[in-house]
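A quick write-up on the structure given underneath.
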Amino acid sequence: MTPEFWIQLATLLLGGAGALGAVYGVLNNRISASAAKLHERIDRVEAADAQIRRDYVRRDDLREDIHRLERSQESMTAKVDQMISNLVPVLARLAEAAINMSSNKS
């Protein structure tokens, strides 16, 4: 195995890791934006309603929003898992092609 092969393999693996990192960053930003909107909504309700009404609305809104966020997070986790499961065979085929190319050069 030549140094070119190892460089190609390392580049392939780093590219895959970079893609996974980018997907994670995008999903993390989406979750953070949703959480910020949720906090904004809760704060508006607190400022507008009386003490008892504010607590009641906040509990109910928070419960629904948390369940919605949990479902959304589960959905995003499933999508990331699916993307990873689709990416692994592609990376394996690319690594196999790199190995074949390096063995053909020798």
Side-chain angles (χ1 to χ4, degrees):
M1 297 201 183
T2 65
E4 290 174 359
F5 165 76
W6 291 111
I7 291 172
Q8 290 172 349
L9 185 60
T11 303
L12 179 68
L13 292 176
L14 288 175
L20 290 176
V23 167
Y24 175 78
V26 167
L27 292 178
N28 193 26
N29 285 340
R30 286 185 184 173
I31 291 171
S32 296
S34 295
K37 288 179 184 177
L38 172 65
H39 290 297
E40 232 175 73
R41 182 175 174 199
I42 291 170
D43 290 342
R44 272 186 280 145
V45 169
E46 278 186 342
D49 293 339
Q51 179 74 24
I52 294 171
R53 179 72 178 149
R54 179 183 65 208
D55 292 342
Y56 176 76
V57 171
R58 180 176 178 172
R59 261 195 320 267
D60 286 349
D61 282 351
L62 186 60
R63 215 174 274 137
E64 288 177 29
D65 288 336
I66 286 176
H67 290 304
R68 185 172 36 85
L69 285 172
E70 287 173 347
R71 286 190 307 269
S72 176
Q73 185 178 8
E74 289 169 0
S75 171
M76 284 190 265
T77 301
K79 288 177 184 177
V80 168
D81 289 343
Q82 182 182 11
M83 289 171 62
I84 290 172
S85 67
N86 291 341
L87 185 62
V88 168
V90 171
L91 290 175
R93 279 185 270 152
L94 287 173
E96 185 179 326
I99 291 169
N100 289 338
M101 285 178 54
S102 71
S103 66
N104 288 340
K105 287 183 181 179
S106 300

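All values below come from the heavy atoms of this structure, side chains included, with hydrogens, waters and symmetry mates left out.
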Could you go through residues 77-88 and list every donor-acceptor pair under 3.5 Å that involves a side-chain atom there, pairing it with any protein atom two or more places apart or in another chain?
residue: T77; atom: OG1; partner: Q73; partner atom: O; Å: 2.8
residue: S85; atom: OG; partner: D81; partner atom: O; Å: 3.3
residue: S85; atom: OG; partner: Q82; partner atom: O; Å: 2.8
residue: N86; atom: ND2; partner: Q82; partner atom: O; Å: 3.3

- [ ] Applying side-chain contact (heavy atoms from CB on, under 4.5 Å), run through T2 and F5 and close with a yes or a no.
- [x] CA-CA 5 Å; T2 65; F5 165 76; 3.9 Å; yes

Task: V23-L20 co-clustered via ILVMFWY side chain contacts under 4.5 Å - done: yes

Task: Reported CD1-to-CE distance for the pair I99 and M101, which is rounded to 0.5 angstrom - done: 12.0 Å

Task: Residue pair A95 / L9: nearest heavy atoms and the distance that separates them - done: CB-CD1, 3.8 Å

Open item on the list: Within this structure, what is the CG-CE distance for the pair N28 and M76, rounded to the nearest 0.5 Å?
Closed with: 9.5 Å

Task: Qualifying residues under salt bridge (charged side-chain N to carboxylate O under 4.0 Å, His left out), relative to R68, sequence neighbours excluded - done: D65

Task: Spacing of T11 atom OG1 and W6 atom CH2 [to the nearest 0.5 Å] - done: 13.0 Å

Open item on the list: Let me check something: do L94 and I7 share a hydrophobic cluster, defined by ILVMFWY side-chain heavy atoms less than 4.5 Å apart, either directly or through other members?
Closed with: no

TODO: Report the distance from atom OG of S34 to atom NE2 of H39, rounding to the nearest 0.5 Å.
DONE: 11.0 Å

